Asks: 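Please see the structure below; I have some questions.
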Amino acid sequence: MTDRPFIGLLIALVVEARHWTRIRWEFDDAAYLRAWQFSTISTAMVAVLIWLDGDHSMALLNLLSWLALLLFPLQFVQNYGMRDSMPLETFSFLAKRRRMRNERLGLIGDSVYFNYGNIFFLATMISAAAGSKADSWIFLPGLVLLTGWMLLGSGSSKIRSLAPVLIMAGGLALAGQIGLKKLADWIGRGGGDGEEQFNPNFNYTQIGSKGTIQQSSDIVWRIRPEALSPSPLLLRTATFNFFFGSTWQNQRMSATGFNELSSTLIGEDSYYLLREGTAVESLAGLAAFNLRGAVSDKSPLPLPGDAVGMRNIEADGIESNSLGTVRIRPKFPIIDGAVFWNGGTNPESAPQPTDDLQIPPSERDVIRSSVDRLRLRDEMDLQLKLARLRSWFHNEFRYTRDLTIQKPPIQQQKDGHKAPTALAQFLTDVQAGHCEYFATATTLMLREIGIQARYTVGYAVMENDLKRGGFVIRGTHAHAWCRLWDETTGRWIDFDPTPPDWLATVSQQPSAMQSFYDFVKRLREDSFIWRNDPSNQLAVSIIIGSVGIIFSFFIIRRLWLSKRQIHSTISSGDYHGAVVRTPLHTLEIPARKHLGPRPPGQPFAVWLARLRPSLPDAQLLDEAIALHQQLRFDPVPPPHDHRERLETLARQLEAGL
Amino acid sequence: MSIATTASRLESAVCSVVRGQPEVVRRVLACMISGGHVLLEDFPGTGKTTLAKALAKAIGGAVFKRVQFTPDLLPSDILGISVFDPSSQEFRFHPGPVFTDILLADEINRASPRTQSALLEAMGERQATIDGVQHNFDGIFFVIATQNPVEFRGTYPLPEAQMDRFTLQCALGYVSAAEEAAILSDQAEVHPVDALESVATRDEILELMAAARRVRFSEELRHYVVRLVGATRAHPKIQLAASPRASLALMKISQALAVFQGHDFVSPELIQSVAVDVIAHRLVLSPEAKYSGSSARQIVVDLIESTPVPA
């Protein structure tokens, strides 16, 4: 509740207003049940809404922060009902059935009644700790102060008994706060071993690891080419230029740093341009597609190699590095916007011969021999070189997701033992592997013949969305290829050496479960986009607002019509006449600590008489009770000194407690 | 002599005979001075008749009559009968045992309902109409009826209308072992009832009755009485609930109890202390409740606990 102080204060006001107003309702067990159902249904609805809103990492925390509001109806029913407790059956269907059966059979079974206030207090604390502003420095002392105030208000005045409770509250707040954050983080990572954040400068490959490639077949992105536009084949998420061991990295400052793209606002549309100086007007004639998907902070955007710019992507910022990797700092967990491409330019800068021709020493021999075997240097034309390379890979090599190549232990490499590297095994013996082998080998072989090349990862656009048009991109469509510098045109071009039969191995009929996941994911994203659209926002707020207003009006009207007035805490029922208040009534609150609350059917004198063992002088109590009875129930007014005497007695008794 | 001393003398006199039952004795006495009647329901030999006799003995000048109810008892055996007197050539009215101050109706459920009902008018209105002539009772007129709850053979349960005429139904119950030993030693030579001297006159009792009517009863507590009795009417387990006569009885007996406490106003504890005895016997439970083991007394106890009482 910390981030919604208005709602929190309103709830607190309504909860506390019980002490100032005399409006009450005759809520029965059915009302408790209805309040509980209302709470559960609204919790479920809010949970669905939060879930639809994306950002799963914060979903639980978000839901917890609404807990105080969601559980409020029950507290209201208890606070403004005629009883101070509610039956346990409210919460348990089975217990309810058992009681109904007992009643039917005439068996005697007692309901368990309990006060809901403590649970609600705990829920409020959790709500407060789950709020997004709970990590401010004021939260902890604030909570301790408030709890202390509450305890003082309820009458415990001794510092010694106060301190442990306060320490506990503080500890609870701290633990709750940290624990909740941890929990949310843990859930956010998908239960511990979720995917790590994407690193645009470091890419582990599976080169030299044994096993089978496991990829999620969940939909990651959806693209929909605009009318008459071609669809891109490859969407890049990141490019790397330095191969070491089995990783691709970027090491130079010029490559690792990201620069903010400037955004241009034209009319109502905002544009991000990947190259400085591109005219926005020139985008109009370009191919374009719509991109939609879930992102988190610094997610890479999948863009074609010759992307030019983006339109109407809601973001706090989009940045790119000199290798053409583009990442986003999103405003919302789901983005939607247009991407323009095929404009004859590249987002990345011109090659650096020091980096883009580098071959690691351990691979140099095998790369050179492969190039020699293919006689790649003989071809003069770039396209012919690429064609020879491609046909070699297509004809001699096989695509597989079962990885059998084991890289040699590091010790052997250090010893100068000429054990073949994983890449060497791939090129000479095994001649089977997945896209990372093909892309890495090709990149290095191109560098060997003087063509500047880089390793690129991203997605292949290959699955038509038959129902809605466009394409879906799943985790299994992740791909690696190389980008090379075409001297003649002065542009970077994509070159994908992987045998095309890889498409067949990853495109399978999605399972029924997968179809369901896809459906849910689409629903979630589309509803989010629709809701966030400014033209729909008004409609959404009008609909939700009017439903809310009608519903609250309905509830408030019903409550208003059925309200009752209680006239005094010392008299009750339908008696509306004058009620005498005696000085002994002030003893009710301090006595409650010793005796518990007074049952409604127990006369005050009988209840108070139970104090006798805990009092130093019991005769004072007897005298006070006798005077109280006379003042209270004798219609003939007693002499005035009776009241004064009782005041003295009440003070003495209170001091003795 | 003050009202309070009269009350306490009477109470201690009866308690000296009926050992170990101070509460029931006080309630029965309060019932008498509130102008009501009591139904003692208990096992044989627990002292029901002794209580009635001791009460009659303690009041000097009070007429005590006893009717042993039997199946062949007729209304005229209770109310009286006009008999033709040949010497004066006219009908002469022979008043029955109902014309008395204290009437012990022993084993009342052994008479037929017809005879039981002969008491309706007398108990409700303190009068009897016999052969068209109305006879008013201007004395104490206190009916102590007894019945035992174990025997059903040859008995007629009291009609609801008759039940409602009784202000109180209470039980004596068994006394503690020490008290029972005391009873044995008391009665070793002579029955203490026979030795009991009268401690109050009939007029003093009439004064006590007037004093009970003067005991102050706050408006708020009247509402409480009405609320408590009214609660039986909304209770799902109750088929026949308590009548306004029950409210009236509860108020009057609380006033009478206040006299015995030496108070001149009624407090809510007094009402609660006697409410079960006043209300429970008037209720008829629904069959489901009856066979599921609920008792009217327990229901009234629950109602007392749940009905908000002025604090």
Side-chain angles (χ1 to χ4, degrees), chain A residues 24 26 28 82-84 101-110 113 564 566-582 584-589 591-592 597-609 625-638, chain B residues 214-231 233-237 251 254-255 257-258 261-276 279 285-295 298-311:
Chain A
R24 293 289 186 278
E26 284 184 0
D28 52 359
M82 294 296 184
R83 282 194 311 224
D84 267 349
R101 198 199 59 182
N102 282 351
E103 274 176 2
R104 202 174 58 241
L105 299 179
L107 297 171
I108 299 159
D110 270 346
Y113 281 83
R564 300 270 180 282
I566 53 159
H567 285 268
S568 164
T569 49
I570 51 175
S571 176
S572 41
D574 48 1
Y575 175 67
H576 303 321
V579 170
V580 182
R581 217 183 138 75
T582 81
L584 202 61
H585 279 130
T586 54
L587 221 56
E588 173 144 20
I589 290 169
R592 233 181 248 165
R598 184 175 65 86
Q602 193 167 52
F604 188 58
V606 176
W607 179 70
L608 213 56
I625 287 177
L627 283 173
H628 164 83
Q629 298 284 52
Q630 197 179 4
L631 284 167
R632 180 78 179 81
F633 296 112
D634 192 348
V636 175
Chain B
R214 286 196 304 272
V215 167
R216 295 188 287 275
F217 204 96
S218 78
E219 186 64 25
E220 199 180 347
L221 287 181
R222 278 191 200 122
H223 274 87
Y224 173 61
V225 166
V226 169
R227 202 156 60 228
L228 190 59
V229 171
R233 294 168 203 161
H235 200 284
K237 289 183 176 173
M251 180 184 83
S254 309
Q255 285 175 309
L257 278 172
Q261 277 198 339
H263 288 170
D264 43 12
F265 63 93
V266 173
S267 56
E269 305 87 271
L270 271 182
I271 301 174
Q272 289 195 345
S273 70
V274 78
V276 177
I279 299 174
L285 298 191
S286 66
E288 296 90 340
K290 208 184 307 177
Y291 295 117
S292 68
S294 302
S295 75
Q298 186 55 47
I299 288 175
V300 178
V301 168
D302 292 346
L303 285 177
I304 291 172
E305 277 174 12
S306 62
T307 308
V309 64

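These numbers come from a predicted model, not from an experiment. Below, all heavy atoms of this structure are taken into account, side chains as well, without hydrogens, waters or symmetry copies. In what follows, chains are A, B, ... by sequence order, proteins preceding strands, each numbered from 1.
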Asks: What are the two closest heavy atoms between B/Arg216 and A/Pro635, and how far apart are they?
Replies: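 Between these two residues, the closest heavy atoms are CB-CD, 3.5 Å.
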Asks: Closest heavy-atom contact between B/Pro310 and A/Phe633?
Replies: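 Residues B/Pro310 and A/Phe633, closest heavy atoms: O-CZ, 3.7 Å.
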Asks: Identify, with sequence neighbours excluded, every residue that meets side-chain hydrogen bond (donor to acceptor under 3.5 Å, both in side chains) alongside B/His263.
Replies: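 Per chain and number, B/His263 pairs via side-chain hydrogen bond (donor to acceptor under 3.5 Å, both in side chains) with B/Gln261.
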Asks: Going by salt bridge (charged side-chain N to carboxylate O under 4.0 Å, His left out), name the residues that satisfy it together with B/Glu219, two or more places apart in sequence or in a different chain.
Replies: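 Testing B/Glu219 for salt bridge (charged side-chain N to carboxylate O under 4.0 Å, His left out), a comparison that skips the adjacent residues, returns B/Arg222.
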Asks: Side chain, backbone, both or neither: which part of B/Phe217 has a non-hydrogen atom closer than 4.5 Å to chain A?
Replies: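 Looking at B/Phe217, just its backbone touches chain A.
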Asks: Do you know which of B/Val215, B/Leu221, B/Val266 has the most heavy-atom pairs under 4.5 Å to chain A?
Replies: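 Ranked by heavy-atom pairs under 4.5 Å with chain A, first place is B/Leu221.
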Asks: Under the 3.5 angstrom rule, does the side chain of B/Glu220 hit a backbone N or O of A/Arg632 as a donor-acceptor pair?
Replies: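 The answer is no, because no donor-acceptor pair under 3.5 Å joins these two groups.
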Asks: Please state whether the side chain, the backbone, both or neither of A/Gln602 comes within less than 4.5 Å of a heavy atom of chain B.
Replies: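 Backbone only.
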